[in-house]
Undergrad: 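Structure in structure tokens, see below.
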Amino acid sequence: MANQDENLKYIIGHAKEYGFVFPSSEIYDGLSAAYDYGPLGSELKNNIKQYWWKAMVQMNENIVGIDASIFMHPTTWKASGHTDAFNDPLIDNKDSKKRYRADVLVEEWVAKIEAKINKELTKAAKRFGDAFNEAEFRATNPRVLANQEKINNAESRFKTAMDAEKLDDVRQLIIDLEIADPVSGSKNWTDVRQFNLMFSTEMGAMTDGASTIYLRPETAQGIFVNFLNVQKTSRLKIPFGIAQIGKAFRNEIIARQFIFRMREFEQMEMQFFVRPGEEIKWYEYWKEERMKWHWALGIPQEKYKFHDHLKMAHYANAAADIEFDFPFGFKELEGIHSRTDFDLKQHEKHSGKKLQYFDPELNESYVPFVIETSIGLDRMFLAILSNSIQNEELEDGSSRVLMRIPNFLAPYKAAIMPLTKKDGLPEKAREILKILQQDYNCQYDEKDSIGKRYRRQDAIGTPVSITVDHDSLEDNSVTVRDRDTMQQERVAIADLPSIISGKLRLKN
RNA sequence: GCGGGAGUAGCUCAGCUGGCUAGAGCAUCAGCCUUCCAAGCUGAGGGUCGCCGGUUCGAAUCCGGUUUCCCGCUCCA
């Protein structure tokens, strides 16, 4: 591949040309960072979902699935922290054109002043030796006192301004503190603006009396608020998990890189509830399990790597990403987080309901700890798409566009084609189609030369092509051609179902 | 959101010092050929040149605005 830009462009072009992914509302010039899945794309996407659901829910007797509503009670987001944390005050420097979080600028300023105080303390400690009393020095030294007061003032002004949502005051604070852009040193700032990362809308037809609700920014909370419902109705014992596939929405300031970061996206999540104190064990377990799930697809293992988080989100005590080698480099594909008991505790607090599990073995109740595995469906789609597409040079000097989609995820499993359009071959081919399409998504094609039709199937990743010729009418046999090797073999029509199912089996 | 680049048929692009009914290759469709690995023959469909406005006798072409996409910065539970 020439370079990364060209590569991604090629993938986007191929995806559009063959009906995998279209820009949303394209006839109206499209909508930024929104995409539609076309006929082949929705097949592939559904197959990914099925693969995940099967691995998580069907293959684990202690994991069940739900499908929660996108709308949730507004208090949910207060409890989860999204209402506050998804509200960043941002400010731009007019000269450097850089954007910063206003709260970070203030924090950095505070850190600078604190450094001054510490310098003062170190100096004093040297001077006084063993007799040095830090608390006393802090309480009496005029320079330290003045600096400490500066910090206190700034922090309280910032807090007051944020609480009252007075963004002008935040800007004034930054100007008063003489904070300069770390890059350019410029103090030429724009207004402070708030970006709420959650989409809001009104519930209720009347504007008055309607309440603001949010489109969920993550699917996890739908699981947490249903924790007791599910645990009780499914008679689950800890450790157990609840899985969900669904859409989530984030009003990203900037959303780009094709379907990698969209404002509307789909997550496949599983929250695994465990005994407090056992979370790290299960965290490690799921890290491994999830990586195995990826490896089973047959995509080269070096395309994946773990990225352990050093800086944790407020709710987590351990976190790692599974990163994938996308056309634009290694980027997060899936997250595995030890979320502690943060979410359930928060919901207990805000709802006033007990969200606890009675552990018969320990004979006590507790709020379970949670391990989360969360994978972006659209990202998984892109991972498979970008890994599958290749231009293969053939021995005769020609080339073919090949989509090496893992067989069991392919949109079409088999293409059935008559060698020619005459002599009853189409009829025979359609007979076979009728049988196979009950179990497999198949395509019928009789247009153009047989070689051309093979290439067409290569370009959309169909693993098996079945060709009906004149002999087929006599002996009920057909030619089966493999997408990757291009090898052909003669088989009985009756054996087709088992041959196809053999090709769709997972690598383990 | 800022800066840079781009937008002509489904795709890749040509045309752009303003001037014939806007072209090519591939793709699509119909027919011929009846053929086991694309690119054989005949024909057809498909574009208000991203959109709006301006300059002009005349704009795909010049100017302004706008929108979408790509890249960089920024942001990212």
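Each chain gets a letter, A, B and so on, in the order the sequences are listed, and its residues count up from 1.
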Undergrad: Between B:C69 and B:U61, how far is it from one P atom to the other, in whole Å?
TA: 23 Å

Undergrad: Using both distances under 3.5 Å as the test, list the Watson-Crick or G-U wobble partner of B:C73, or none.
TA: B:G1

Undergrad: Donor-acceptor pair, A:Arg404 side chain versus A:Gln390 backbone, under 3.5 Å?
TA: no

Undergrad: Reckon A:Lys421 has a side-chain N or O less than 4.0 Å from the OP1 or OP2 of B:C33?
TA: no

Undergrad: Tell me what A:Leu419 touches on the nucleic acid: a base, only sugar-phosphate, or nothing, going by heavy atoms under 4.0 Å.
TA: base

Undergrad: Need one value for A:Phe260: base, sugar-phosphate or nothing, where a base atom within 4.0 Å counts as base even if backbone is also close, heavy atoms only.
TA: nothing

Undergrad: Between B:C52 and B:G5, how far apart are the two C1' atoms, rounded to whole Å?
TA: 22 Å

Undergrad: Measure the distance from CG on A:Asp423 to P on B:U35 and round it to the nearest whole Å.
TA: 9 Å

Undergrad: Might you point out which heavy atoms bring A:Glu332 and A:Phe326 nearest each other, and give the distance in Å?
TA: O-CE1, 4.2 Å

Undergrad: Mind checking who B:G46 pairs with, Watson-Crick or G-U wobble, both distances under 3.5 Å?
TA: none

Undergrad: Need one value for A:Arg339: base, sugar-phosphate or nothing, where a base atom within 4.0 Å counts as base even if backbone is also close, heavy atoms only.
TA: nothing

Undergrad: What nucleotide among B:A30, B:U28, B:A38 has an atom nearest to a side-chain atom of A:Lys447?
TA: B:A30

Undergrad: Could you say whether A:Lys422 or A:Thr485 is positioned toward the 5' end of RNA chain B, judged by the nucleotide with the nearest heavy atom to each?
TA: A:Lys422

Undergrad: Do A:Thr219 and A:Glu269 get their side chains close enough for a donor-acceptor pair, meaning under 3.5 Å?
TA: yes

Undergrad: Whole Å only: how far is the NE2 atom of A:His309 from the P atom of B:A77?
TA: 9 Å

Undergrad: Considering only the P atoms, how many Å lie between B:G25 and B:G31, rounded to the nearest integer?
TA: 23 Å

Undergrad: Can a donor-acceptor pair be found, under 3.5 Å and without considering hydrogens, that links the side chain of A:Glu392 to the backbone of A:Arg400?
TA: no

Undergrad: Look at A:Lys16 and B:C11 and indicate whether a side-chain polar atom (N or O) is within less than 4.0 Å of OP1 or OP2.
TA: yes

Undergrad: Looking only at side chains, do A:Thr76 and A:Tyr214 share a donor and an acceptor under 3.5 Å apart?
TA: no

Undergrad: Do A:Asp469 and A:Ser472 pair up side chain to side chain, a donor and an acceptor below 3.5 Å, judged on atom types alone?
TA: yes

Undergrad: Taking the P atom of each, how far is B:C75 from B:U66, in whole Å?
TA: 26 Å

Undergrad: Rounding to an integer number of Å, can you tell me how far A:Arg455 CZ sits from B:C36 P?
TA: 14 Å

Undergrad: What is the separation between atom NZ on A:Lys452 and atom P on B:C29, rounded to the nearest whole Å?
TA: 10 Å

Undergrad: Go through the N and O atoms of the side chain of A:His337 and the base of B:A77, and report whether any donor-acceptor pair is under 3.5 Å.
TA: no

Undergrad: If the C1' atom of B:C29 is compared with that of B:G46, how far apart are they to the nearest Å?
TA: 11 Å

Undergrad: Can you tell me the base-pairing partner of B:A6? Count Watson-Crick or G-U wobble geometry only, both distances below 3.5 Å, and say none if there is no partner.
TA: B:U68

Undergrad: Rounded to the nearest Å, what distance is computed from the CZ atom of residue A:Arg453 to the C1' atom of nucleotide B:U34?
TA: 10 Å

Undergrad: For B:U28, does either OP1 or OP2 sit under 4.0 Å from a side-chain N or O belonging to A:Arg456?
TA: yes

Undergrad: A:His470 NE2 to B:U35 P: how many Å, rounded?
TA: 7 Å

Undergrad: Starting at the 5' end of RNA chain B, which residue's closest nucleotide do you reach first, A:Arg379 or A:Tyr454?
TA: A:Tyr454

Undergrad: Can a donor-acceptor pair be found, under 3.5 Å and without considering hydrogens, that links the side chain of A:Arg379 to the backbone of A:Phe260?
TA: yes

Undergrad: A:Arg261 side chain: which of B:C36, B:U34, B:C76 is closest?
TA: B:C76

Undergrad: With P as the reference atom in both, quote the distance from B:U34 to B:C20 in angstrom, rounded to an integer.
TA: 46 Å

Undergrad: Using Watson-Crick or G-U wobble geometry with both distances under 3.5 Å, which nucleotide pairs with B:C37?
TA: none

Undergrad: Just by distance, do the side chain of A:Asn476 and the backbone of A:Ala492 share a donor-acceptor pair under 3.5 Å?
TA: no

Undergrad: At 4.0 Å (heavy atoms only), tell me whether A:Phe22 reaches a base, stays on the sugar-phosphate, or touches nothing.
TA: nothing

Undergrad: Could you give the distance separating B:A60 and B:C16 at their P atoms, to the nearest angstrom?
TA: 14 Å

Undergrad: Base of B:C37, side chain of A:Arg481 - is there a donor-acceptor contact under 3.5 Å?
TA: yes

Undergrad: Consider the side chain of A:Thr479, meaning its heavy atoms from C-beta on, and name the nucleotide among B:C76, B:A77, B:C36 that approaches it most closely.
TA: B:C36

Undergrad: With respect to the side chain of A:Met486, which nucleotide from B:C33, B:A77, B:C37 is positioned closest?
TA: B:C37

Undergrad: Quick one: look up who B:A59 pairs with, Watson-Crick or G-U, both distances under 3.5 Å, and put none if it's unpaired.
TA: none

Undergrad: Rounded to whole Å, how long is the line connecting atom CG of A:Asp469 with atom P of B:U34?
TA: 17 Å

Undergrad: Please state the P separation for the pair B:U28 and B:G58 - nearest whole angstrom.
TA: 43 Å

Undergrad: Would you kindly give the CZ-to-P distance between A:Phe328 and B:C73, to the nearest whole Å?
TA: 14 Å

Undergrad: Going by purine N1 to pyrimidine N3 plus the second Watson-Crick contact, or the G-U wobble pair, all under 3.5 Å, which nucleotide sits opposite B:G25?
TA: B:C11

